[in-house]
There are 2 protein chains.
Amino acid sequence: MQRICQNKQMKIDLSTEEKIKAAAKRVFMTKGFDGCSVRDIAKEVGSNVALLNYYFRSKEKLFELIFEGAMSDFLQSIIEVFSSDLPLKEKTSLLIDKEFDFFMEHPELPMFIIQAIQQNKNESSVAPTFFEPIEKTGIFQQLKDAQAKGEMRPMSLRNITILLMSNVHYPFMSKKLTQQFHGIDEATLQQDLLAHKAHVKEMLINYLFPQNQPA
Amino acid sequence: MQRICQNKQMKIDLSTEEKIKAAAKRVFMTKGFDGCSVRDIAKEVGSNVALLNYYFRSKEKLFELIFEGAMSDFLQSIIEVFSSDLPLKEKTSLLIDKEFDFFMEHPELPMFIIQAIQQNKNESSVAPTFFEPIEKTGIFQQLKDAQAKGEMRPMSLRNITILLMSNVHYPFMSKKLTQQFHGIDEATLQQDLLAHKAHVKEMLINYLFPQNQPA
DNA sequence: AAATAATTTAAACACTTGTTTAAATTTTGG
DNA sequence: CCAAAATTTAAACAAGTGTTTAAATTATTT
């Protein structure tokens, strides 16, 4: 008599459910949805395949849960910066810093997110759940104001986003490629990423907030 | 009596082999190696599954062929620019232009390459076949010279590479994500990419080749 | 035109896939 | 402690996987 564990948890030991989620996250992150089987995940957990379906109904449902968690983590790291009480220039600088630090600890995340969205079977957009919390921080208004005051280069929100994400996300997505191309080890790459962060910060800040040439 | 088509082609009609390669390229590019079956490809070709193995021995071998072709195409677009007789600054500007134009027509390529390298089963490095032809253009020496003369910002080749690839590759890898996030159609995104190209060119050139502040 | 080789096909192979069933085990509540 | 519920398991399911076999078809050569 199997029952799916719904919202109403009647004194269920969550450790198993959480163990599966953790294992699934590890496997999905490294191998992708198509690149792994439910047995791979079960092996990672150290137990039976049927257990995954007992707790999460299907591989797809489990994946969606992991994906939403990942997106939430990512979103949270952004919100923290945007909610701070700083001028836009400092917020931007801080954002780059925090994002880099975050991805240093979760380097598979950018690739995972893009891949998941790429092969998004359903048509449900992630936009509302993602943009609404950011909107609430007032960052978009702050951006408009800064551009109106001439403090920030006039360019669309979309182009700003692409510029920022390119420089912050890509380096982590291309880790293996970079290592292979240049024949370097993980430690060396780590140093390169730190150097890259410094470059990106200077370059982007200078570009987005051009100084009206000092006398 | 099946024979694998080797180098020695005895008046074989190549159209079938090429048709399979073209179909496989389309399918692999959009769905990835794990995301498709050989029957998907066969369906795209419009013929039997066994034909793929007849011509290419295995799904993996076929994929490697497609991958190498893609890398070759990509490499070629770079070599062309580097081989030109221009100052480094102009070469860099031209490179960004050409790369953007190239990816405008092959937007799946950056993602395809990174994914393929990411889940590279074997340990064989792509570095030599990739770097050697670039080395031969003399671009690395030109770079050293420019840095020695103070024309170019002193930073490692690796960091320059990451910076360039981030800004040129990522926008195409994140097409679907950008569309979903901002709720825009293909045409709008295309315009954004053109705008992004202009931004990237100005930003990178200014950063990599800083002007000793004019009087 | 006949024989030989090359190409294409349908069918089967062994194996893996996600999921389900039903039985076994553990935990819980009275 | 014992029945009822929750959890975990082994086994099976049908469908899909990459690959191979052998027969059928087409093209080539003499």
Side-chain angles (χ1 to χ4, degrees), chain A residues 1-28 30-67 116 119 121-122, chain B residues 1-28 30-67 116 119 121-122:
Chain A
M1 296 136 201
Q2 308 165 16
R3 300 278 166 77
I4 299 300
C5 173
Q6 307 271 35
N7 293 339
K8 295 216 167 193
Q9 298 154 354
M10 333 175 186
K11 292 193 182 176
I12 290 170
D13 180 16
L14 285 184
S15 74
T16 302
E17 196 175 339
E18 291 303 321
K19 257 193 277 181
I20 294 176
K21 271 169 76 171
K25 188 173 180 180
R26 255 173 285 141
V27 176
F28 279 142
T30 52
K31 302 207 202 180
F33 181 83
D34 292 326
C36 73
S37 67
V38 289
R39 282 170 181 81
D40 290 339
I41 300 172
K43 196 170 290 177
E44 181 85 8
V45 183
S47 74
N48 201 280
V49 226
L51 214 55
L52 308 196
N53 286 306
Y54 176 74
Y55 280 105
F56 302 99
R57 310 190 97 94
S58 73
K59 184 191 182 188
E60 213 156 60
K61 286 268 197 305
L62 177 55
F63 181 81
E64 276 171 29
L65 214 71
I66 303 297
F67 172 69
Q119 57 198 23
K121 287 105 188 173
N122 58 14
Chain B
M1 298 134 199
Q2 306 165 17
R3 300 278 167 76
I4 298 302
C5 172
Q6 308 269 36
N7 292 340
K8 295 217 168 191
Q9 298 154 355
M10 333 174 187
K11 292 194 182 177
I12 290 170
D13 180 17
L14 284 183
S15 74
T16 302
E17 196 175 341
E18 291 304 321
K19 258 192 276 181
I20 294 176
K21 270 168 78 171
K25 188 173 180 180
R26 256 172 286 142
V27 176
F28 279 142
T30 52
K31 303 207 202 179
F33 182 82
D34 292 325
C36 74
S37 67
V38 289
R39 282 168 181 82
D40 290 338
I41 299 172
K43 196 171 290 178
E44 181 84 7
V45 183
S47 73
N48 201 280
V49 227
L51 213 55
L52 308 195
N53 286 307
Y54 176 73
Y55 280 105
F56 302 99
R57 309 190 96 94
S58 75
K59 183 191 181 187
E60 213 156 58
K61 287 268 199 304
L62 176 55
F63 181 82
E64 277 170 29
L65 214 70
I66 303 297
F67 173 70
Q119 57 197 26
K121 287 104 188 174
N122 57 12

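Letters go in sequence order (proteins before strands), and every chain restarts at 1.
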(request) Using atom CZ of B/Phe56 as one end and atom P of C/dT7 as the other, report the distance to the nearest whole Å. (result) 12 Å

(message) Between C1' on C/dT9 and CD1 on B/Ile20, what's the gap in Å once rounded to a whole number?
(response) 13 Å

(request) Look at the side chain of B/Lys59 and the backbone N and O of B/Phe33, then say whether any donor-acceptor pair between them is shorter than 3.5 Å. (result) yes

(message) Using a 3.5 Å distance criterion without hydrogens, assess whether the side chain of A/Asn53 forms a donor-acceptor pair with backbone atoms of A/Ala50.
(response) no

(request) Provide, to the nearest angstrom, the distance between the CD atom belonging to B/Glu60 and the C1' atom belonging to D/dT19. (result) 13 Å

(message) Is there a side-chain contact between B/Val45 and B/Leu51 in this structure, where contact means two heavy atoms from C-beta onward sitting under 4.5 Å apart?
(response) no

(message) Measure CG/A/Asp34 against P/C/dT17 and give the value in whole Å, please.
(response) 12 Å

(request) Flag the pair B/Leu62 / B/Tyr55 as yes when at least one side-chain heavy-atom distance between them is below 4.5 Å, and no otherwise. (result) no

Polar atom pairs (N or O), protein with nucleotides 10-15 of chain D, under 3.5 Å:
from   : atom 1 : to      : atom 2 : distance (Å)
D/dA10 : N7     : A/Asn48 : ND2    : 3.0

(message) Rounded at 0.5 Å granularity, tell me how far NZ in A/Lys31 sits from CD1 in A/Ile41.
(response) 9.5 Å

(message) Do B/Phe56 and B/Lys21 have side chains that approach each other closer than 4.5 Å (heavy atoms only, starting at C-beta)?
(response) yes

(request) Calculate the interatomic distance between A/Asn53 atom CG and C/dT19 atom P; express it in whole Å. (result) 5 Å

(message) If I take atom CZ in residue A/Arg57 and atom P in nucleotide C/dT21, what distance separates them, rounded to the nearest angstrom?
(response) 13 Å

(message) From OH of A/Tyr55 over to C1' of C/dG18, roughly how many Å is that when rounded to an integer?
(response) 19 Å

(request) Provide, to the nearest angstrom, the distance between the CZ atom belonging to B/Phe63 and the C1' atom belonging to D/dT19. (result) 19 Å

(message) Please determine whether a side-chain nitrogen or oxygen atom of B/Tyr54 lies at a distance below 4.0 Å from atom OP1 or OP2 of D/dT19.
(response) no

(message) Check the phosphate of D/dT7 against A/Thr16, side-chain N and O only, distance under 4.0 Å to OP1 or OP2. Yes or no?
(response) no

(request) Check whether any side-chain N or O of A/Ser37 sits under 4.0 Å from OP1 or OP2 of C/dT16, and answer yes or no. (result) no

(request) Find the distance between CG (A/Asn48) and CZ (A/Arg39) and round it off to the nearest 0.5 Å. (result) 9.0 Å

